[in-house]
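So the structure is just underneath, and the comments pick up after that.
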Amino acid sequence: MASISRRHFLQQASGTSLACASSIMFSRASWAQARSTAAGAPARVYVDSRRTISALDRNLFGSFLEHLGRAIYEGIYEPGSSLSDENGFRKDVIAEVHQLGVPIIRYPGGNFVSGYDWLDGVGPKQERPRVLDKAWNSINTNQFGTNEFMAWCKAVGTEPLMGLNLGTGSTEMAAALVEYCNVGKGTRWSDLRRKHGVAEPYKVRRWCLGNEMDGPWQIGHMTATEYGLKAQDAARQMRYVDPSLQLIACGSSGPFMPTYLEWDREVLEQCYDYVDALSLHRYFSNNAEETGNDSAKFVAMNLSMEKQIAETVAVCDMVQGHKRSPKKLWLSFDEWNVWYRARSGDAVNGHEKEAPHLLEEVYNLEDALLVGGLINSLLRNADRVKLACLAQLVNVIAPITTNSKGLLRHTIYFPYSWALQMAHGSVLNIMVDSPTYEVSKMGQVPYVDVAGTFNAEDGKTSVFILNRDLSNPHVVEINWQDKAPERVLVSSVFTGNDLKAFNTFEAPQKVVPQNFDKPTTSGGRTKFELPARSYTAIQWGA
Ligand code: AHR
């Protein structure tokens, strides 16, 4: 069991994965989208600012940094580089993440966290040990640890989402880390932080109780009941230290797991009363196993994320019923992305090196289209998914890659940045009548996928539209059911001729957004044509 990697496990379980994919149904919101019109007819979109799904929690657009490959070392921390500041933080990366406005960042793992001793990463740097990280077979010099992460979060203007080691780590040391971070002074662990030069507590509010504990690849992997009890005890001790915490229990690592949903139920039977949320993870592939290398299917896979959300919500609410609890859990989709090419890093290829090149996925146009769709799906489920992390942020399955001279924005950077820039206020409950197409094992899928927000504070409306048709443009007609907006503030499209095109340091502008002709509105209607294989963002002012 010790040497099984996530990839290996995925391959073994691929039969399960396909079986899951075969029963895809639409969630409430997507079902509305599937009411099809005739092929070639415009997609009709109905927007009413009074009809909303939920207030938008901006933590839906969080991200993730793990001690993995070059995410931390050479990614955000590179002492000695001319691009770094006096703390060793890459200034170009700080500027980029600050300008993106990422609201929350999960750290330090991921699989890494399940073997991590946080004490190794605090205190005088020269005394910190060089440790073999067994999750990724890499050397962690521990020159970057909890206090460096907190300082970096402050510099980029984000909130930390701290992961805890519930693999090799004890519940006592989990609570000790809360004490180290959140207690002012006068206790063993708060005084240690002060001795390390940090007088004020960080008041970290959100914590992940372990990582993917259902996975045989996970250090400390255990049964659902064992984990549920451990999470319960960690939560109990942590709340004694700081009752204001928001705690996330580990849900299933994905629908491919043989224990999918059963794991979630058993875990929650043990710790429902002690936690606030349950995690979900999902990585999408356009390969023989998952899509049959069919890009038309790949760009529809966000609908299977919605199925996963609906199923996980159902389990949470079933346990709520069992417990007769007044509390409803929210979901933390704290790892999601496209990831299938740079897989070889799992637990073998770190070669006991510092900052090895691991999981350096290069993203193309079709990946960005799906990422746009996934953002739409998260928005449509904003009533239950209150936090989500694009996994990850820098170098490792990430929108940003660094080298010694600067940084590169991959295709998936752009839909993510649009959500961060334009989605505010409340998530609209948008109705869509779209022509559909047949996708194997998924049935009829709408060509046009729409999500959007309305911000009552400034009157701005933003819509994000995926055209899944890989060959043809589609006309969209937005029907404004209350007041039609007046001014187009932003109108951008992400498209191209080659679904497989990607950016490189040599050609960084190969696939970038283009201006989209500002659509005009008359008689309460806005009509425009979406290019084939495109993701479009339009924002209107009041
Ligand atoms: O994000 C990469 C890895 O994927 C994480 O370490 C783990 O949680 C997941 O399996």
Side-chain angles (χ1 to χ4, degrees), residues 3-14 17 62-72 75-76 105-116 133-138 140 161-169 207-221 227 248-257 259-260 263 278-285 308 332-350 355-361 363 367 371 374 387-401 410 412 416:
S3 65
I4 194 164
S5 72
R6 190 181 205 275
R7 172 167 173 72
H8 186 194
F9 188 76
L10 254 160
Q11 281 167 346
Q12 287 180 345
S14 63
S17 172
S63 191
F64 175 32
L65 279 167
E66 177 168 0
H67 276 279
L68 195 184
R70 300 190 309 124
I72 304 294
I76 65 170
I105 300 182
R106 182 169 177 250
Y107 169 89
N111 296 339
F112 167 84
V113 79
S114 298
Y116 179 53
D133 156 35
K134 298 192 239 3
W136 302 104
N137 194 30
S138 310
N140 181 11
L161 168 62
M162 287 297 282
L164 290 163
N165 176 354
L166 291 195
T168 61
W207 298 77
C208 299
L209 302 174
N211 178 71
E212 295 189 346
M213 297 305 299
D214 58 334
W217 60 87
Q218 197 69 208
I219 294 173
H221 165 59
Y227 167 70
I248 303 162
C250 277
S252 288
S253 296
F256 67 91
M257 294 298 295
T259 50
Y260 177 55
W263 165 273
L278 187 71
S279 74
L280 301 83
H281 289 181
R282 187 77 178 267
Y283 293 100
F284 295 89
S285 317
Q308 185 184 350
S332 172
F333 217 122
D334 46 44
E335 287 186 33
W336 68 269
N337 203 347
V338 172
W339 173 27
Y340 64 103
R341 287 158 289 229
R343 277 278 186 179
S344 61
D346 293 23
V348 283
N349 276 350
H357 285 251
L358 293 181
L359 281 55
E360 300 210 2
E361 191 95 352
Y363 290 103
D367 299 331
V371 163
L374 292 164
L387 195 162
C389 301
L390 174 66
Q392 299 191 13
L393 186 58
V394 184
N395 288 336
V396 170
I397 44 174
I400 299 166
T401 291
H410 290 290
I412 63 167
Y416 180 53

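Atoms within a ligand are numbered from 1 in the order they appear, just like the ligands themselves.
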Practice problem: Taking the side chain as every heavy atom from C-beta outward, state whether M257 and P216 have any atom pair closer than 4.5 Å. | Solution: yes
Quiz item: Can an N or O of W136 be found at a distance shorter than 3.5 Å from an N or O of ligand 1?
Solution: no
Practice problem: Mind jotting down which residue pairs meet the salt bridge (Lys or Arg N to Asp or Glu O under 4.0 Å) criterion with at least one end in residues 63-72? Sequence neighbours excluded, please. | Solution: R70-E74, R70-E360
Quiz item: At under 4.0 Å between heavy atoms, which part of F112 makes contact with ligand 1: side chain, backbone, both or neither?
Solution: neither
Practice problem: Go through ligand 1 atom by atom and flag the ones less than 4.0 Å from a non-hydrogen atom of N111. | Solution: 5 (C), 6 (O), 7 (C), 8 (O), 10 (O)
Exercise. Working to the nearest 0.5 Å, report the span between CH2 of W336 and OH of Y283.
Key: 11.0 Å
Practice problem: Please could you name the atoms of ligand 1 that N211 approaches to less than 4.0 Å, counting only its heavy atoms? | Solution: 7 (C), 8 (O)
Quiz item: For ligand 1, which atoms sit closer than 4.0 Å to a heavy atom of E212?
Solution: 7 (C), 8 (O), 9 (C), 10 (O)
Quiz item: Could you state the interatomic distance from CD1 (I76) to CD1 (I105), rounded to the nearest 0.5 Å?
Solution: 7.5 Å
Practice problem: Examine the proximity of ligand 1 to V396 and report which part, side chain or backbone, both or neither, has a heavy atom under 4.0 Å away. | Solution: neither
Self-check item: Numbering as shown, the atoms of ligand 1 that approach Y283 to under 4.0 Å (heavy-atom distance)
Solution: 1 (O), 2 (C), 4 (O)
Quiz item: Purely on distance, is any nitrogen or oxygen of Q392 under 3.5 Å from one on ligand 1?
Solution: yes
Quiz item: With atoms numbered from 1 as shown, which atoms in ligand 1 lie under 4.0 angstrom from a non-hydrogen atom of F64?
Solution: 1 (O)
Quiz item: Is it the case that D214 and Y227 place a side-chain donor and acceptor less than 3.5 Å from each other?
Solution: no
Quiz item: For ligand 1, is there an N or O atom under 3.5 Å from any N or O atom of W339?
Solution: no
Quiz prompt | Distance in Å, L164 CG paired with N211 CG, rounded so as to fall on 0.5 Å steps | solution = 11.0 Å
Practice problem: Under the ring-ring contact (aromatic ring centres under 6.0 Å, His included) rule, collect the residues that match up with F112, sequence neighbours excluded. | Solution: H67, Y116
Practice problem: Using distance alone, determine whether H281 and ligand 1 share an N or O pair under 3.5 Å. | Solution: no
Quiz item: Taking atom CG of L393 and atom CG of L65, what is their separation to the nearest 0.5 Å?
Solution: 5.0 Å
